[in-house]
Structure formats: structure tokens, C-alpha cells
Engineer: 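Right, I'll just put the structure down here and ask away after.
Below, each value reflects all heavy atoms present in this structure, side chains not excepted, and no hydrogens, waters or symmetry copies. Letters A, B, ... mirror the listed sequences (proteins, then strands); counts begin at 1. As the structure is a prediction and not an experimental result, all values here were calculated from the model.
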2 protein chains.
Amino acid sequence: MPSMPATAGFASPGHDHGPCLDDVVERAKAAFDREGLRLTPLRRHVLEEIAQSHRAVGAYEVLENLARKGGRRLAPISVYRAIDSLVAAGVVHRLESRNAFFACHAPHGGDRRQIILACEQCGAVAEVTEKAVFQGIAGAAKAASFDMRRALVEVMGVCGGCRTAEGAAT
Amino acid sequence: MPSMPATAGFASPGHDHGPCLDDVVERAKAAFDREGLRLTPLRRHVLEEIAQSHRAVGAYEVLENLARKGGRRLAPISVYRAIDSLVAAGVVHRLESRNAFFACHAPHGGDRRQIILACEQCGAVAEVTEKAVFQGIAGAAKAASFDMRRALVEVMGVCGGCRTAEGAAT
DNA sequence: GCTGTTTGGTTATCCTATAACATGGCGCCA
DNA sequence: TGGCGCCATGTTATAGGATAACCAAACAGC
């Protein structure tokens, strides 16, 4: 199993993406299986489209791409349903601040306490685990007598790859 | 000046909201003034609509409410422009995970390092400051060689007021 | 008065997401 | 082997969120 550690930074710009994709699909299969559900062709295509890169993509972008490749054009609801199932399975996450979705390349079970780093330049997304941060958030919530169900940490900025590229271009 | 501390928890359910509203409007005036801009009637109405409660409201909800009260119906773009100016002035924030807006009742200057607590039951929103959390996030970003520009922390859950109400109802 | 900026109106369009209802497939088991 | 129930998807329609492009009025400063 080549899977990455639960804390995964940004993939290097020129890396071989094949294994990343295969790994995601493998985990998707397993996850659906565990729940007695099926990774149908539709779901698989949607997943592959999203996991094509490390970027976060909109549902309609997925729709477009599938239409261009697959021939026939799906209804939005079909794409959303597929995405929903993938999100429920934990292999795709939603980037709330951009209404977009990205594949999870850092298997972390049911644990949703990841910091999401989103590059404003190339659109790439990475997840990192930082328990202390979520403990701090839990503490702050408790202090406000707030019963926390879920915490969302999304960080906007520029990834190392883009910074390097910028520097080189100047 | 009755203004709340920079870290403000949830307002108590039955509190007198008048001063909250006045305070927000006062700060809006000052903020627009500082920038050489104007808190016009339109902007003021939109602000008052948002600051009416401690809840996060959608742009179209604001639109509806203004139409019902003010008589004539604005174009969406007008509401969005007003909201944009209020967000830029720092008196209104955006709740990314719900595409909604709420008034800032916790003056914190240009500092955007607040944890946002959003009650799933009553819709109320509170901001709390927790420097350690944002330091932790900054550290994690740095470790991933990510140049962080802005961090977003939104927590979903149930506020104390709703928990109390629930308990009482049972 | 002229000029530039701010503000907001008008119209149109795009993107994001879901409701409601109908159909086909598949496993189960009696 | 017929019926039940759930999963998955199709079809159609609509709701909800946001912005582009263009134009006109209001106001500030010289």
C-alpha cells in the first residue's frame, strides 16, 4: 500500500499522479463496500474527475468535463448525488469557502480534524493534521458553553510550488 | 461606550438588542468615515437588517425583508454591493460555510483571527478570540511551506441557549 | 463649471444546489 | 418465483447565491 501519511502536504508539482488516483479509487471501493454500497460507474467517473488533480473543483466543472469526455451530459443533480455519496464515504471533501470539492489523498478514517490549505494561485489543496489546533478550538467552544459538533479550518494562501515558480519567473 | 470586549460569546436569548444595533451602526459610521466613504441610507438599511439579530442571514433574506418593510424591491446586485461595502468596512462578516452574513458585535480592528461559532439550531453566531489556535494554524502552514494569507475557523454546533431550551422542553 | 470618484439603478446572466416524482436493478427470503 | 425493500439513477423544474456590463445621479475638490 503506497498510501500517504495522514498528514499530507502539497504534492510536488511534477509528480506522477497515477498512483495518487489509483489509491483514491481503491479507498473508495473499500469505503463503499464497508457500507454495503456500490462504487458505480457514474460515481467512479465523478471521483476520477475530481481526483484527477490535487485541485478543488466545482460540481459544474465536473459536469462539463464529463460531458466533454463521456459524450452525454448529466443533469446537475446526478453529479451532486454522486459527489454526496463520495463525501459521505470520506474520499472527497468539500472546500466550503469555495463551494468546491477535492479528493482526499490523506486517509484519516472518520477523523475530520484536518486543517485544509488551499492555494489561491494554482487551486491545489492539502490537508494537514494538527491536534493542538482542534483542541484549542474545542477549548474555546467549551468556554463559550458551545456544544461543538464540527470544526472547519480552511487556510488561504500560496503554496511552496507557486512561490518557487513566481520567484523563478521574476 | 457600551461596546463588548473583542471576545464576545453568545448574547443571552432575551437581551435588549437595541444597544447592540446602535453600537454596530456607530462603528459603521466611523469606519466609513475613516475611509472617506459614506454610510448611505441603502447601506444603513442593509446593515440594520443584518444586525437585527445575532443570526447569520443570506443576501436574499435581507432582500426579502427590505422589500416587505421598505416597499420597493431592490435588485440583488444592490444588496450585494451594500453588503460588500459593509464587509470591507469590517462591520459585517461572511459565514463561508453557509453563504450568509452576520454583523460583527465584537470590534476587533483589522484583526481577522476570530473563531466563529455558529449555532445549527437558532442560527446565532458568535466570535471568540483564541490567539493560540491561529498561532497553531500558522505553524502548520509554515511546516507545509505554505504562505498563509488568511485563515478561516468556523465551528458548527449548538449554543448554550438552545441547549437550555431543549432541556427545559423535554 | 469641470472633472473624477462614489454610489446605485437596470438588465441579463452565470453558478450552485435541491425538490419531487418516476424507473430500473439487485438482494433477499418466504 | 413472486413480491418486498433498498439502492441508484433519470427527468423535470425550481430555488438560492452571485456577478458582468452599462448607465445616470450625487457629490468633492479645484
Engineer: Considering residues at least two apart in sequence or located in another chain, which fulfil the side-chain contact (heavy atoms from CB on, under 4.5 Å) criterion with B:Ala118?
Structural biologist: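 B:Ala118 satisfies side-chain contact (heavy atoms from CB on, under 4.5 Å) with B:Leu95, B:Arg98, B:Val125 only.
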Engineer: Between A:Glu61 (CD) and C:dA17 (C1'), how many Å, whole number?
Structural biologist: 17 Å
Engineer: I need the single residue from A:Val25, A:Leu86, A:Leu39 that forms a side-chain contact (heavy atoms from CB on, under 4.5 Å) with A:Val91. Which is it?
Structural biologist: A:Leu86
Engineer: Determine, for A:Arg27 against A:Asp23, whether the closest basic-nitrogen to carboxylate-oxygen distance falls under 4.0 angstrom.
Structural biologist: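 Salt bridge flag = yes for A:Asp23 with A:Arg27.
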Engineer: Assign a letter to each nucleotide of nucleotides 4-12 of chain D from its 5' end: B, base within under 4.0 Å of a protein heavy atom; S, sugar-phosphate only; -, no contact.
Structural biologist: ---SSBBBB
Engineer: Report yes if a donor N or O on one partner sits less than 3.5 Å from an acceptor N or O on the other, where the partners are the side chain of B:Tyr60 and the base of D:dG16; otherwise report no.
Structural biologist: no
Engineer: Run the side-chain donor-acceptor check on residues 135-149 of chain B: report pairs under 3.5 Å with partners two or more places apart or on a different chain.
Structural biologist:
| residue | atom | partner | partner atom | Å |
| --- | --- | --- | --- | --- |
| B:Asp147 | OD2 | B:Arg149 | NH2 | 3.2 |

Engineer: Could you tell me whether A:Arg44 and A:Glu26 make a salt bridge, using a distance below 4.0 angstrom between a side-chain N and a carboxylate O?
Structural biologist: no
Engineer: Distance check: side-chain N/O of B:Tyr80 vs OP1/OP2 of D:dT19, anything under 4.0 Å?
Structural biologist: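 Answer no for this pair, as no side-chain N or O of B:Tyr80 is under 4.0 Å from OP1 or OP2.
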Engineer: Do B:Val128 and B:Phe10 sit in one hydrophobic cluster, given that two such residues count as connected whenever their side-chain heavy atoms are within less than 4.5 Å of each other, even indirectly?
Structural biologist: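 The answer is yes; both residues are in one hydrophobic cluster.
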Engineer: Using a strict heavy-atom distance below 4.0 Å, which residues from residues 83-104 of chain A are in contact with DNA chain D?
Structural biologist: none
Engineer: Check side-chain contact (heavy atoms from CB on, under 4.5 Å) between B:Lys69 and all other residues, then give those that pass, not counting sequence neighbours.
Structural biologist: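 Expected list: B:Glu49, B:Gln52.
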Engineer: The helix from C:dG1-D:dC30 to C:dA30-D:dT1: angle between its terminal axes, five pairs each, to 10°?
Structural biologist: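 For the helix from C:dG1-D:dC30 to C:dA30-D:dT1, the axes at either end differ by 20°.
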Engineer: So, A:Arg55 and A:Glu61, do they make that salt bridge, N to O below 4.0 Å?
Structural biologist: yes
Engineer: Give the rounded distance in Å between these two atoms: CG of B:Leu63 and P of C:dT10.
Structural biologist: 13 Å
Engineer: Under 6.0 Å between ring centres, would you say that holds for B:His54 and B:His15?
Structural biologist: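 Close enough - the centres of the two rings lie under 6.0 Å apart.
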Engineer: For B:His108 and B:His93: C-alpha separation, side-chain torsions, deciding distance, then whether ring pair (Phe, Tyr, Trp, His ring centres under 6.0 Å) applies.
Structural biologist: CA-CA 12 Å; B:His108 41 70; B:His93 301 317; 5.2 Å; yes
